[in-house]
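Everything below concerns the one structure shown next.
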Amino acid sequence: MSKLDNKQIKALKASTLKQVTILDDFWSPRVSNVIQTVVPYQWQALNDEIPGAEPSHTIENFRLAAGEAEGEYYGMVFQDSDLGKWLETVGFVLSGNRDPKLEKIADQVIDLLGRAQQPDGYLNTYYTVKEPGGRWTNLRDNHELYCAGHLMEAAAAYYDATGKRAFLDIMCRYADYIATVFGVEPGKKRGYDGHPEVELALVKLYHASGEKKYLELSKFFVDERGQQPHFFDQEASEREESQTPVRGRTKRSYDYFQAHLPVRDQNTAEGHAVRAVYLYSAMADLAQSFNDPSLLDAAKELWKDVTRKKMYVTGGIGSSAYEERFTVPFDLPNDRAYTETCAAIGLMFWAQRMLQIEKDREYADVMELALYNGVMSGISLDGKSYFYVNPLEVWPAASDFRHDMSAVKKTRQPWFGCACCPPNIARLIASLGQYIYSEDKDARELYVHLYIGSKLTLDWDGQTVQVTQASSYPWEGQVALELTLQQPVEFNMALRIPGWCQSFSLSVNGQEIDAVSLDKGYAKIRRTWLDGDRIELTMKMPVEMLHAHPNVRENAGKVALQRGPIVFCLEEEDNGPNLQELVLSRDAKIDVHFDKQLLGGVSVLTGSALRSEVNAEADDKLYASQPYNQVPAAFKAIPYFAWSNRSAGEMAVWIRNQ
C-alpha cells in the first residue's frame with residue numbers, strides 16, 4: 001500500500017518557467033543563444049544538415065518507423081533520446097516565448113511521432129525498424145526505457161508550455177503499454193532499464209497528467225533494481241547470451257548499472273556516473289512523493305559519497321573514461337578526467353531535488369558549482385560546438401598520442417555520433433529559470449537559491465507578489481531584490497549565503513541588518529513587506545586558493561583558483577607551454593579585472609609566479625642532481641568554462657604551490 005497521500009516529508013516547490021523571466025547580463029545572452037542559435041542548429045543536426053558533423057539520422061529513423069521512408073536504421077540504440085531532449089528544450093523555450101514558427105516545427109515532428117507509434121502504443125525506432133521482434137529482450141544494454149523516459153520528459157514540458165495534449169497523449173499511451181509489460185503481477189517482467197531515466201520521467205508524466213499510476217510505475221522500477229534473482233541474468237539466459245565476452249568488450253558488472261544492490265542498500269556511488277545521478281534524482285522524487293525516509297536516507301548517503309570523495313573542484317563527476325564511471329574515493333586524475341557534461345547536468349538535477357527536501361545550502365552550492373563550471377565548459381561561447389569530456393588538464397601532444405587519453409579533446413566538436421551532451425546542455429540552459437527560486441506557502445517562505453537577474457511572479461493568497469532580482473553575478477557579489485506588492489504581506493525571504501562567502505552584509509531599504517543568523521546556509525528576513533521594499537546583499541568575493549584533500553594524490557602540492565562560483569584555469573595562449581612548471585607562492589598577490597573584450601567578457605586573474613629557467617647545458621640532460629633556477633613569470637588565468645574558445649593548446653586548473 002503506497003503512502004502517496006502522507007505528506008510528512010514536506011518539500012519546497014520550485015518556481016516554474018512561466019513564473020520566472022531571466023534578465024541577466026551573464027545568462028540572458030546564453031538563454032537567447034539557445035533560442036536563436038542552439039535550437040535551430042541542433043534541429044539541423046537531427047536532420048543531418050551540418051556539414052562535416054557526425055550524422056545523426058534521428059528524424060529519418062522516425063520516418064522509417066512511420067513507414068514514410070525507405071532505408072536502414074542508423075545511429076546508437078538510444079538515438080531517439082536526442083529528439084526527446086530537443087523537444088523538451090523547445091517546450092522550455094515556448095514556456096517563456098510562444099514562437100509560432102518553432103511551435104509549428106515541433107507540432108509537425110510530434111505528428112511524426114504519432115505516426116511512428118505502433119498500434120499497441122510502443123514507440124522506439126531501433127526496435128521498430130531494426131529488430132521488430134526483439135522488444136524488451138535486452139533492457140540491460142539497449143536503452144528502451146531510457147528513450148521512453150526522454151520522450152516522456154519532453155511531452156510533459158511541451159504540454160506545460162502549450163497546453164496541447166497530442167504529445168502528452170502519445171506518451172501516456174506508451175506508458176500505459178509499458179505498465180502492461182512490467183510489474184509484480186504474474187506474466188509481467190520484473191525488470192528495469194540498464195540506464196536509469198524513465199524513473200524520473202514517469203514522475204514528471206504523473207505531474208503533467210495527474211495519473212498516479214505513473215508514479216507507482218516509477219516506484220516499481222526503482223524498488224526492483226538490484227533485487228535477486230537478478231533480472232539481467234534472467235533476460236540474458238532467455239536470449240541465450242554467451243557468458244564469453246565479445247572480443248574487445250568486457251562483461252559489465254552489476255554496479256555499472258547501479259543494480260548491484262537494492263537502492264536502499266546502496267551507500268557508495270558506483271558505475272556509470274550519468275546513470276547514477278539520474279537514478280538518485282528519481283530516488284529523491286519518490287522519497288518525497290511516498291514519504292519514504294529510507295529512500296531519502298539512501299540518497300543522502302550517496303550524496304555524501306559523491307560530493308566528499310568523488311567530485312572534481314569543477315563539479316564534474318565520473319573520473320574514468322572506462323565505462324564513464326565513478327572509481328574509488330579520491331581517484332580524481334586531471335589529465336584523464338572524463339567528467340562527462342551530462343554527468344554534471346545530472347548532478348544539478350539531483351542537487352535541485354535534494355534542495356527542495358532538505359532546504360540546505362550545501363545542495364545549492366553544488367548545483368551552482370556544477371552549473372558555472374562542469375556544465376558551461378561543455379558548450380562553446382557561440383553554442384555551435386561541444387565537449388563530451390571535460391578534463392582539468394590538457395597537454396595536446398600527449399593526449400593526441402596516448403591511448404589512455406583518447407577521450408580527451410583539445411577543441412570542442414560540432415556534433416557526436418553519441419550526441420547526448422549537446423541537447424542536454426540546451427535543455428538545462430533553457431530551463432534555468434526553475435532553479436533560481438523555491439517557495440513554501442505554508443511556512444510563508446520564499447527561497448533565493450541562485451543569484452541570476454530575473455523577475456519572479458507569485459500568487460500568494462490571491463495576491464500577486466513580484467520579485468525583481470538584479471545581480472552582478474558571477475563576477476561580483478552584489479545582489480538586489482525589489483518587491484512589487486498589491487498590499488502588505490508577511491513572509492520570510494531566505495537568501496542563500498554561498499559556502500565560498502566568508503563575509504557578507506544585508507540591508508533592507510538602505511538599513512543594514514545586524515547579526516544575521518543562518519538557517520542551513522540561508523539568511524532569513526521575516527517582516528511585513530511593503531510595495532517597493534528593496535533588499536541588498538553584498539558578498540565579498542576574494543580569490544581563494546583551494547587545496548584538495550590530502551588523499552587526492554594528483555593534487556598534492558597544488559592549488560586551484562576560485563573566485564565566487566567560478567573556477568579558473570591557465571591556458572597556453574596566455575602563459576606559454578609547460579604550464580605544470582608554473583609555481584604560485586602561498587602569499588602571491590592576485591589581481592582581478594574584468595575584460596569585456598575577452599571571451600565575451602570575463603573576469604581575469606593576473607599575478608606573478610615562478611618557473612624554471614632552462615639553459616642550453618641543462619636542456620641537454622633529462623635528469624640533474626641540482627634543482628633548476630626559478631625566475632619570475634607573469635601568469636593569467638581565465639574562467640574554466642571559457643577555455644578552448646581561442647586556440648588549441650595546454651590547459652591546467654591545478655597549479656603548483658609553495
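The first residue of the sequence shown is numbered 1, and numbering continues consecutively from there.
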**Prompt:** Does some side-chain heavy atom of Glu197 sit less than 4.5 Å from a side-chain heavy atom of Met152?
**Reply:** no

**Item:** Sequence neighbours excluded, every pair satisfying salt bridge (charged side-chain N to carboxylate O under 4.0 Å, His left out) that has a member inside residues 25-35
**Value:** none

**Asked** Which salt bridge (charged side-chain N to carboxylate O under 4.0 Å, His left out) pairs, counting each pair once, include a residue from residues 544-558, with sequence neighbours left out?
**Response** Arg336-Glu554

**Request:** Might you point out which heavy atoms bring Val34 and Ile429 nearest each other, and give the distance in Å?
**Result:** CG2-CG2, 3.6 Å

**Message:** Holding to ring pair (Phe, Tyr, Trp, His ring centres under 6.0 Å), I want the full list of residues that pass it with Tyr451, two or more places apart in sequence or in another chain.
**Reply:** Tyr473

**Item:** Main-chain N/O of Thr125 paired with Asp80 side-chain donor or acceptor, under 3.5 Å
**Value:** yes

**Message:** According to side-chain hydrogen bond (donor to acceptor under 3.5 Å, both in side chains), who are the partners of Arg325, at least two apart in sequence or on a separate chain?
**Reply:** Asp255, Glu323

**Message:** Would the distance check show the side chain of Ser454 and the main-chain N or O of Ile22 forming a donor-acceptor pair, the cut-off being under 3.5 Å?
**Reply:** no

**Request:** Go through the steps to decide whether Tyr312 and Asn334 satisfy the test side-chain contact (heavy atoms from CB on, under 4.5 Å), and finish with yes or no.
**Result:** CA-CA 9 Å; Tyr312 282 90; Asn334 297 312; 4.2 Å; yes

**Request:** Compare all side-chain heavy atoms of Tyr280 with those of Met354 and state whether any distance is below 4.5 angstrom.
**Result:** no

**Request:** Name the orientation class of the two ring planes belonging to Trp303 and Tyr363 (parallel below 30°, tilted from 30 to 60°, perpendicular beyond 60°).
**Result:** tilted

**Item:** Whether Phe78 and Tyr146 hold their rings parallel, tilted or perpendicular, with breakpoints at 30° and 60°
**Value:** perpendicular

**Asp404/Arg402 salt bridge by N-O under 4.0 Å criterion** = yes

**Message:** Would you call the rings of Phe26 and Phe641 parallel, tilted or perpendicular, taking 30° and 60° as the class edges?
**Reply:** perpendicular

**Prompt:** Where the side chain of Asn142 meets the backbone of Glu144, is there a donor-acceptor pair that is under 3.5 Å apart?
**Reply:** no

**Prompt:** With the threshold set at 4.0 Å, does a side-chain nitrogen-carboxylate oxygen contact exist between Glu60 and Arg63?
**Reply:** yes

**Asked** What closest approach, in Å, do Ser95 and Leu17 show between heavy atoms, and which atom pair accounts for it?
**Response** CB-CB, 3.9 Å

**Asked** Less than 4.5 Å apart, any side-chain heavy atom of Phe568 and any of Val543?
**Response** no

**Message:** Other residues, nucleotides and ligands only: do more than 12 of their heavy atoms fall within 6.0 Å of CD on Gln108?
**Reply:** yes

**Asked** So do the side chains of Gln258 and Tyr278 get within less than 4.5 Å of each other, counting heavy atoms only?
**Response** no

**Message:** I want to know whether Trp395 and Phe401 have ring centres closer than 6.0 Å.
**Reply:** no

**Asked** Is there a side-chain contact between Thr89 and Gln42, using heavy atoms and a 4.5 Å cut-off?
**Response** no

**Item:** salt bridge (charged side-chain N to carboxylate O under 4.0 Å, His left out) contacts touching residues 644-654 (sequence neighbours left out)
**Value:** Glu571-Arg646, Glu573-Arg646, Asp574-Arg646

**Prompt:** Do the side chains of Val306 and Val277 get nearer than 4.5 Å, heavy atoms only?
**Reply:** no

**With Phe257 via ring pair (Phe, Tyr, Trp, His ring centres under 6.0 Å) - residues at least two apart** = Phe232

**Request:** Could you tell me whether the side chains of Asn373 and Asn390 share a donor-acceptor contact shorter than 3.5 Å?
**Result:** no

**Item:** Under-4.0 Å salt bridge between Arg252 and Asp141
**Value:** no

**Item:** pair Leu200-Glu153: side-chain heavy atoms closer than 4.5 Å
**Value:** yes

**Prompt:** What pair of heavy atoms forms the shortest contact from Ala106 to Leu87, and how long is it?
**Reply:** CB-CD2, 4.1 Å

**Message:** Please find the pair of heavy atoms, one from Ser399 and one from Val394, that lie closest to each other, and give the distance.
**Reply:** OG-CG1, 4.3 Å

**Request:** Could you tell me whether the side chain of Asn575 and the main chain of Leu570 form a donor-acceptor pair under 3.5 Å?
**Result:** no

**Asked** Parallel, tilted or perpendicular: which fits the ring planes of Tyr386 and Tyr41, with parallel below 30° and perpendicular above 60°?
**Response** tilted

**Asked** Is there a donor-acceptor pair under 3.5 Å between the side chain of Arg353 and the backbone N or O of Ala282?
**Response** no

**Message:** Looking at every non-hydrogen atom in both residues, tell me the closest pair between Ser319 and Pro333 and how far apart they are.
**Reply:** CB-CD, 4.1 Å

**Item:** Beyond-backbone contact of Phe594 with Glu476, side-chain heavy atoms, under 4.5 angstrom
**Value:** no

**Request:** Taking all non-hydrogen atoms of both residues into account, name the closest pair between Met541 and Pro565 and its distance.
**Result:** CE-CD, 4.4 Å

**Item:** N/O donor-acceptor pair under 3.5 Å between Asp365 side chain and Pro498 backbone
**Value:** no

